[in-house]
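Have a look at the structure below, then the notes.
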Number of protein chains: 2
Amino acid sequence: MDGSHGNEGKLGATRKIRTMEEFAEASGISRPTVSKYFHDPASVRATTRSKIEAALEKYDYQPNIFAINQNRKLTKTIGILVPFLADPFFAEIVRNIEQSCIKAGFWPIVFSAHGSQSAENNALATLRSLRPAGALLAPLGRGSDLDAVRHFAEEVPTVVFDSNVNVGEAFVGSNNFQSVDLMVDYLCRSGEPPCFFEMPPVNPNANKRREAYIQSMERLGHEPKVVQVAGSGWEFEQIGLEGGMHLISERALPSDTVLCSNDRLAVGLIAAACQKGLRIGHAPGCALRIAGHDDHPWSRFTCPPLTTVSQDYTSITERSVEILFDLIRGEKPKGDRPEILFDGKLILRASA
Amino acid sequence: MDGSHGNEGKLGATRKIRTMEEFAEASGISRPTVSKYFHDPASVRATTRSKIEAALEKYDYQPNIFAINQNRKLTKTIGILVPFLADPFFAEIVRNIEQSCIKAGFWPIVFSAHGSQSAENNALATLRSLRPAGALLAPLGRGSDLDAVRHFAEEVPTVVFDSNVNVGEAFVGSNNFQSVDLMVDYLCRSGEPPCFFEMPPVNPNANKRREAYIQSMERLGHEPKVVQVAGSGWEFEQIGLEGGMHLISERALPSDTVLCSNDRLAVGLIAAACQKGLRIGHAPGCALRIAGHDDHPWSRFTCPPLTTVSQDYTSITERSVEILFDLIRGEKPKGDRPEILFDGKLILRASA
DNA sequence: GACAAAAGTTTACGCGGGTAAAGTTTTTGT
DNA sequence: ACAAAAACTTTACCCGCGTAAACTTTTGTC
């Protein structure tokens, strides 16, 4: 709300200010002091500050960002790279990160790999040339060009989140073993033990979740049953739908309870079951229980609403940003590269 | 695939190249010529080009973007601003635009207003200071600070898309009157004439669609019935769900056929009907027909799949980018600010 | 092989602002 | 009121690259 006035008075009879030199003259303060002001308004005397701010009101000058960044070793830019921005999960995370950055006086710039390695590399190259103060990366995972990512992280202070490739100064993500165990435990207590529905893994999370499922099932004395459907890319719903149609037709699902590797896959499977006329849920008369993972923004709106495990978005983003800011301030984490995992919560809805 | 090798040989015993001066020396070509090369590789002799490219292989140098842009009047940056990136509709459009820009040798940079005016203004300010060659804006609409948007468009060649506020050099979007008419016509032919389900309009599209609905209904000799549910913000599904629950409980829907102002609202309404135990679709025994608008990426996965009208994503993005590139080349459209509208197509699925 | 055109080299300056150094003014503290 | 500290002004140079001017070398053609 601060500066969201138009610029009514600013275009008056006064000439246009283009450079800091001109602005300094107009405000009656020397250029080096003005420069100091823009670097940190608190670093100049109050009377000076008010003169400059009075001039700012009058002429809407802002320093040339390219000239600034040419001379400063570290810019105020923070790069954010996610694998797939069309996935609201990442869109939501990005929104949170952006807000934190702005609050801290940085300039977030967002890139998406759109699920493709070449796009990811492009984004890294563009980002690198912007010489950002730091970067928050959620790599594609299996699809990443790890050398390129590593090379980037050597030049730019980097925190990796969501998908744990062994790069950067720290990792922040979800504790898949905890969250999956929570869900498996619940499903086993409340009905038939689940099978695990997945597609070929795109990142380490997918692998960890399968392992966690197997481990939990064994701990509870059940035989783990993993069903992998074909598919690649990031159109998870479509893959879930097609795989689900096939499995249901063939009656090839090894259990009436299905734990999906993530919510988007579950959305596809639910659509398949629906089209096949199967009733989903834990109510009497239902043929199938379906559960997901992530508490995706859409999962509240499936029919029936999806039972899932939440990822702690807020903690993940806040912690990532926090660590990055420490890094930028020069506070390297001591010891090994830290890996911070947040627990998930069970979100019980009607689907399982 | 071009440059997506790692950089195996580049970190050999050779020293690190930091400036174009150093790089020129290392490649055996003078700096002005190297500069020419980076501006346009085709502008130097083939033998020179190959020398430079050989050096590029050896030392992975890239020019300092800030120094470049300080001197060039127009940068190679193109700004993209959308109202809500967590909406896959915009995410999809952004992906297309980005690709076109990269293909044309520009650097797309994406911003999202996250549904908020202050964020939109922030993004415009950041973008402006980047001195982009041009910008593609999808404004918030009703929530926009029009003065700020206009001020931006006066400094930067701007094409507006999706939401037609009267700013910029051109507008590209959907022909809501055509698409809504298509749907109303279909719904009337195939069953009970629809009522129109909307929330308080966030942008001109929403208004146009209501008007188009009313017009089409009158043309067909039916009484238009508009149902507006309360809600604000960009969480359309939630608004649709809550509004739908209420309307169904109160039996306040004026028709068994509901045309929603957009697919996201329809997703919410479907969820509501589902939770209330109402069967949706045109099959016998169904209580409610629900149709949407946009052919949103999710609409294939609702239960039942959503009947809707597609927006011509591809044409909209291609045309927007095309016009912007013309603008950047200095080819102003003659005559009035052009408004280009693309027709939608009927997408028949099971929900209506 | 001569010669004009094309391309490359040298030299030099400018972009807009960071920042150091030395000198001057204003603000503190007592 | 006076000295020390803090802040400001002047001056000057630097960042990394674009680009113009004047000159030299390489191409391509007859």
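All values below come from the heavy atoms of this structure, side chains included, with hydrogens, waters and symmetry mates left out.
- Side-chain N or O atoms of B:R337 include one that pairs as donor or acceptor with a backbone N or O of B:G168 at under 3.5 Å.
- A side-chain donor-acceptor contact under 3.5 Å links B:T75 to the backbone of B:R131.
- Distance check: B:K58 NZ to B:D60 CG gives 13.0 Å after rounding to the nearest 0.5 Å.
- Between the C1' atom of D:dT9 and the CD atom of A:E25 lies a distance of 14 Å, rounded to the nearest Å.
- Relative to the axis of its first five pairs, the axis of the last five pairs of the helix from C:dG1-D:dC30 to C:dT30-D:dA1 sits at 20°, rounded to 10 degrees.
- Judged by distance alone, with hydrogens and angles left aside, the side-chain atoms of B:T126 form a donor-acceptor pair with the main-chain N or O of B:N122 at under 3.5 Å.
- A:R49 contributes a side-chain N or O that, together with a main-chain N or O of A:V44, makes up a donor-acceptor pair within less than 3.5 Å.
- Atom CD1 in B:I29 sits roughly 12 Å away from atom C1' in D:dT26 (whole-Å rounding).
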Sequence-aligned protein contact record of nucleotides 16-30 of chain C, with B where the base is within under 4.0 Å of a protein heavy atom and S where only the sugar-phosphate is: BBBB------SS---

Show me, pair by pair, the donor-acceptor contacts under 3.5 angstrom made by side chains of residues 98-111 of chain A, not counting sequence neighbours?
| residue | atom | partner | partner atom | Å |
| --- | --- | --- | --- | --- |
| A:E98 | OE1 | B:H114 | NE2 | 2.4 |
| A:S100 | OG | A:N96 | O | 3.1 |

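- Salt bridge status for A:E155 with B:K16: present, with a side-chain N to carboxylate O gap under 4.0 Å.
- Per the geometry, CZ belonging to A:F66 stands 14 Å off C1' belonging to D:dG18, to the nearest Å.
- Under the 30°/60° scheme for interplanar angles, the aromatic rings of A:Y59 and A:F23 are found to stand perpendicular.
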